[in-house]
Amino acid sequence: MEYTYDDDLEELCPVCGDKVSGYHYGLLTCESCKGFFKRTVQNNKRYTCAENQECKIDKTQRKRCPFCRFQKCLNVGMRLEGNNNNNNNNNSS
DNA sequence: TTAGCCTTGAAC
DNA sequence: GTTCAAGGCTAA
């Protein structure tokens, strides 16, 4: 058995770093990001970053910066509707 | 407002 | 008929 989950594990959200529950919106994300992304996009939520929109999204700061969290969601390639955002991510099956 | 769990629908 | 994903609802 190899315990290589020390640096980065494939079973972690590329957004917040929580444990993924499965494929959501085209990416492996956690239930939190799923509900957050849905609530944000489906309700046309509008957040504002108090800094430079470059906050580091972690499991502790993700709740502090919903704007940067949502930004990262799109940055990793999440899409709710037929929104096709051109973004290339390194993901090989 | 965020996270989690449950239910329903679609695809295979 | 079964499996996976998305959506909805509830709880903290």
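Quick note on labels: first sequence line is chain A, next is B, and so on, each numbered from 1.
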**Request:** Evaluate the side-chain proximity of Gln42(A) to Leu80(A): yes if any heavy-atom separation is below 4.5 Å, no if none is.
**Result:** yes

**Prompt:** Looking at DNA chain C, which of residues 41-72 of chain A put a heavy atom within less than 4.0 Å of it?
**Reply:** Gln42(A)

**Asked** In whole angstroms, how far is the C1' atom of dC6(B) from the NZ atom of Lys38(A)?
**Response** 12 Å

**Asked** Could you state the NZ-C1' distance from Lys34(A) to dC5(B), rounded to the nearest angstrom?
**Response** 9 Å

**Request:** Could you tell me how the ring of Phe70(A) sits relative to the ring of Phe36(A): parallel (under 30°), tilted (30 to 60°) or perpendicular (over 60°)?
**Result:** perpendicular

**Message:** I'd like to know if the side chain of Asn75(A) and the backbone of Gln71(A) have a donor-acceptor N/O pair within less than 3.5 Å.
**Reply:** no

**Asked** When you look at Cys65(A) and Glu51(A), which way does the side chain to side chain contact (heavy atoms under 4.5 Å, CB included) test go after all the steps?
**Response** CA-CA 9 Å; Cys65(A) 272; Glu51(A) 280 296 314; over 6 Å; no

**Asked** Any side-chain heavy-atom pair from His24(A) and Met78(A) closer than 4.5 angstrom?
**Response** no

**Request:** Locate the shortest heavy-atom distance separating Val15(A) from Val76(A); write the atom from each residue and the value.
**Result:** CG2-CG2, 3.8 Å

**Request:** Could you pull out the closest heavy-atom pair between Ser32(A) and Asp18(A), with the gap in Å?
**Result:** OG-OD2, 3.9 Å

**Message:** Rounded to whole Å, please give me the gap between CD in Glu31(A) and P in dA3(B).
**Reply:** 11 Å

**Prompt:** Going 5' to 3' on DNA chain C, which nucleotide is the first and which the last to come under 4.0 Å of a heavy atom in chain A?
**Reply:** dA5(C) to dG8(C)

**Message:** Applying side chain to side chain contact (heavy atoms under 4.5 Å, CB included) to Arg69(A) and Thr40(A), what does each step give before you reach the verdict?
**Reply:** CA-CA 11 Å; Arg69(A) 211 228 283 220; Thr40(A) 305; over 6 Å; no

**Message:** Nearest whole Å is fine: how far is dG4(B) C1' from His24(A) NE2?
**Reply:** 11 Å

**Prompt:** dG4(B) phosphate, OP1 or OP2: any side-chain N/O from Ser21(A) under 4.0 angstrom?
**Reply:** no

